[in-house]
Every structure is written in C-alpha cells, then in structure tokens.
Amino acid sequence: MPEGHILHRLADQLTTAFAGRRVAVSSPQGRFAAEALLLDGHTIDRARAVGKHLFVEFDDERVVHIHLGLIGRMTVEPPHPVVGQVRLRIATEAYVADLRGPQGCRLTGPAAEEAMIARLGPDPLDPQADPERAYDRLHRSHRPLAAVLLDQSVLAGVGNVYRAEVLFRQGLDPLLPADDLTPAQWSRLWADLVGLMAEGCRAGRIDTVRPEHTPEAMGRPPRVDDHGGEVYVYRRAGRPCLVCGTPVRRRELAGRNLYWCPTCQPER
DNA sequence: CGAGCATGGTGAC
DNA sequence: TCACCCTGCTCGA
C-alpha cells in the first residue's frame, strides 16, 4: 500500500481527527509501550507527511516518526476494539488510529524531524517542492532512470507503482541512463507525477490509465487489478499492454520488480 | 496449514 | 548484493 500518496492522505486524516485534541496513546502490541506512556493524555498539533515519512507532532516538542515500510499500515476509523498486532494506537472518543507492522515508529523531536526531511529529495505532493533540485542529482547520475526514481534522496514519495506507471506514461525506457534525460523530459515526468500522486492521495488508490485507454474505450472486456487501482504495467507481466498489446515485461532491478512495455517504452 | 510474496528500507559485508 | 525486519494475504498441498 504505502507510497507517498498514502502517507499524505494519512497525515490529512490524522490532522482532521486529532489536531488540537488531547489523545489517549497506547501500544497494545507492546513494542512502543514506554513511548506511548510518555505521550498519553497529551495534545496533537498536527500530522505531516514528507515523501514516505509521517510525523505526528505533539504540543510539547515531541514527534512520533513513522515509516510504514513495505507492509506497514495505518488506519483512522471510528472507535473499535483492537484486532491483531497494533504497535501504536491514538484515540479520542470519536476516532481511533491504529498502526500495524511499521518499519519504524520512533519518538523524536523537531530537530530530528527536520534532519530527516533534509535528507529527502523534493516531494511531488509538496506544493513548495523544487523539481530542479531533483534534476540536479538525476542528470549527473549514470544509473538507470528507473533506479534513480526510487532513490528517496533524489525524489521523495515515489514507489514501485508510480515509478513503473510514470515511465510508461512518458514513453521512457526504464533503463535509460538518468543523465540522458533532457530537461523537457524531466519537466513532463515531474508534472505527471504531481498529477498522478495528487489524484492518488485524493482517491486512496493508484489509477494511472488515461480515459482513452480504459478497457471500455478500447472495446475490451473490463478487468480488475489485484491491488486496487487501474494501471498500465505494474504487476501485469506477460499480459498484453493496454495500448499496443505487446506482452508487458518484468525484470529485477536492484532487488525490486520492474515492469514495462518494450514497444511503448523503446530503447534509444 | 505452510510457503511465498508484497507498493520499503537498513545494516553488514 | 544480500539477509533481515515487520504483517497479512494468496496460493497450493
């Protein structure tokens, strides 16, 4: 689940539910119990997301830094009993936020928060973000473009799905050396990410298929992706490209699955 | 019911 | 480049 759009959505949900409110904090599973005790009964200022990092800021200079990792999840819902392994629970009479399986959940402060953010590249979901900062890094790297897009110190918030999909939509070969990307290509890629991720944040899922390429528009039977959104190539290896019908390819790159259409994203 | 896998990242070598 | 972490889901026996 968690690419940048999910974390920004969570930050919004947490802020709406808890900003300015005293909250009960606990760790039913126990691994955050000592920290939870320190926070219990305190007031939350706001929650903030940068890239895939989530910061829950309390009114007394305490910050909970959360990183969901690959399998972590957080939900904000009406009150309900604890089910399964809950690392962190934040609750009022009206809302309960449950954190499960995070890669990291640490109690820190504003200085550590700023230091963490300083190590991240620009985030397409941040209206103040400066895409030039990312291009400066990107166009000096010989690594494949697909590898650089996942480097959070270059670009913050993009994960495996957005990587595959934005490269497809831009017709770019994933293995293109990053330093071959022109400023105009980067500009279009960034703008596309901004639009896709904003929509993903709003919808809570990743949809990347343009209206003219939906199965309905192409005169094909409707299909269902097994991860909640409509996409061109992510996890569609061996199935026909929605645009040209060529089987979608998959390979491993730096330990992550990479998907692309060899026809729509030709080498050059 | 166990194995394998996943939209991520770290630390050791 | 690899082992490993964390949880929950799916798939095959």
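Please read these numbers as outputs of a predicted model, since none were measured by experiment. Proteins come first, then strands; the chains are lettered A, B, ... in the order of their sequence lines, and each starts at number 1.
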Engineer: ring-ring contact (aromatic ring centres under 6.0 Å, His included): which pairs involve residues 68-127 of chain A, sequence neighbours left out?
Structural biologist: none

Engineer: Verify, without hydrogens or angle tests, whether A:Asp207 (side chain) and A:Glu230 (backbone) share a donor-acceptor contact under 3.5 angstrom.
Structural biologist: yes

Engineer: If you look at every strand shown and take non-hydrogen atoms under 4.0 Å, does A:Gly101 touch a base, only sugar-phosphate, or nothing?
Structural biologist: base

Engineer: Over how many whole Å does the gap from A:His65 atom NE2 to B:dT10 atom C1' extend?
Structural biologist: 13 Å

Engineer: Between the side chains of A:Glu114 and A:Arg48, is the shortest nitrogen-to-carboxylate-oxygen separation below 4.0 Å, so that they form an ion pair?
Structural biologist: yes

Engineer: Could you check how far CE of A:Met116 sits from C1' of B:dT10, rounded to whole Å?
Structural biologist: 11 Å

Engineer: For B:dA6 versus C:dC2, give the span between their P atoms, rounded off to a whole number of Å.
Structural biologist: 16 Å

Engineer: Given A:Val148, which of A:Val154, A:Asp179, A:Leu155 fulfils the side chain to side chain contact (heavy atoms under 4.5 Å, CB included) condition?
Structural biologist: A:Val154

Engineer: What distance, rounded to whole Å, do you find between the two P atoms, one in B:dG9 and one in C:dC9?
Structural biologist: 22 Å

Engineer: Check the distance between B:dA6's C1' and A:Leu68's CG and give it to me in whole angstrom.
Structural biologist: 14 Å

Engineer: To which residues is A:Val83 joined in a hydrophobic cluster, defined by side-chain heavy-atom contacts under 4.5 Å among Ile, Leu, Val, Met, Phe, Trp and Tyr, whether direct or through other members?
Structural biologist: none

Engineer: Does OP1 or OP2 of B:dA6 have a side-chain N or O of A:Asn160 closer than 4.0 Å?
Structural biologist: no

Engineer: Under the 3.5 angstrom rule, does the side chain of A:Gln152 hit a backbone N or O of A:Gly157 as a donor-acceptor pair?
Structural biologist: yes

Engineer: Counting only side-chain nitrogens and oxygens, does A:Tyr234 get under 4.0 Å of the OP1 or OP2 atom of B:dT7?
Structural biologist: yes

Engineer: To the nearest Å, give me how far apart CD1 (A:Ile6) and P (B:dA6) are.
Structural biologist: 19 Å

Engineer: Write down the distance separating the P atoms in B:dG4 and C:dA3, rounded off to the nearest Å.
Structural biologist: 14 Å

Engineer: A:Gln103 near the nucleic acid: base, sugar-phosphate alone, or nothing, with a heavy-atom cut-off under 4.0 Å?
Structural biologist: base

Engineer: At a heavy-atom distance below 4.0 Å, which nucleotide of DNA chain C is the first touched by chain A, and which is the last?
Structural biologist: C:dC6 to C:dG8

Engineer: Separation of A:Leu149 atom CG from B:dG9 atom P, in whole Å?
Structural biologist: 13 Å

Engineer: Whole angstroms only, please: what is the CZ-P distance between A:Arg205 and B:dT7?
Structural biologist: 18 Å

Engineer: Taking atom CZ of A:Arg249 as the centre, does the number of heavy atoms from other residues, nucleotides or ligands within less than 6.0 Å exceed 12?
Structural biologist: no

Engineer: Between atom CD1 in A:Ile206 and atom P in B:dA6, what is the gap in whole Å?
Structural biologist: 15 Å

Engineer: Mind calculating the distance between CG (A:Leu150) and C1' (B:dG9) to the nearest angstrom?
Structural biologist: 11 Å

Engineer: Check every strand shown and say whether A:Gln29 touches a base, only sugar-phosphate, or nothing at a heavy-atom separation below 4.0 Å.
Structural biologist: sugar-phosphate

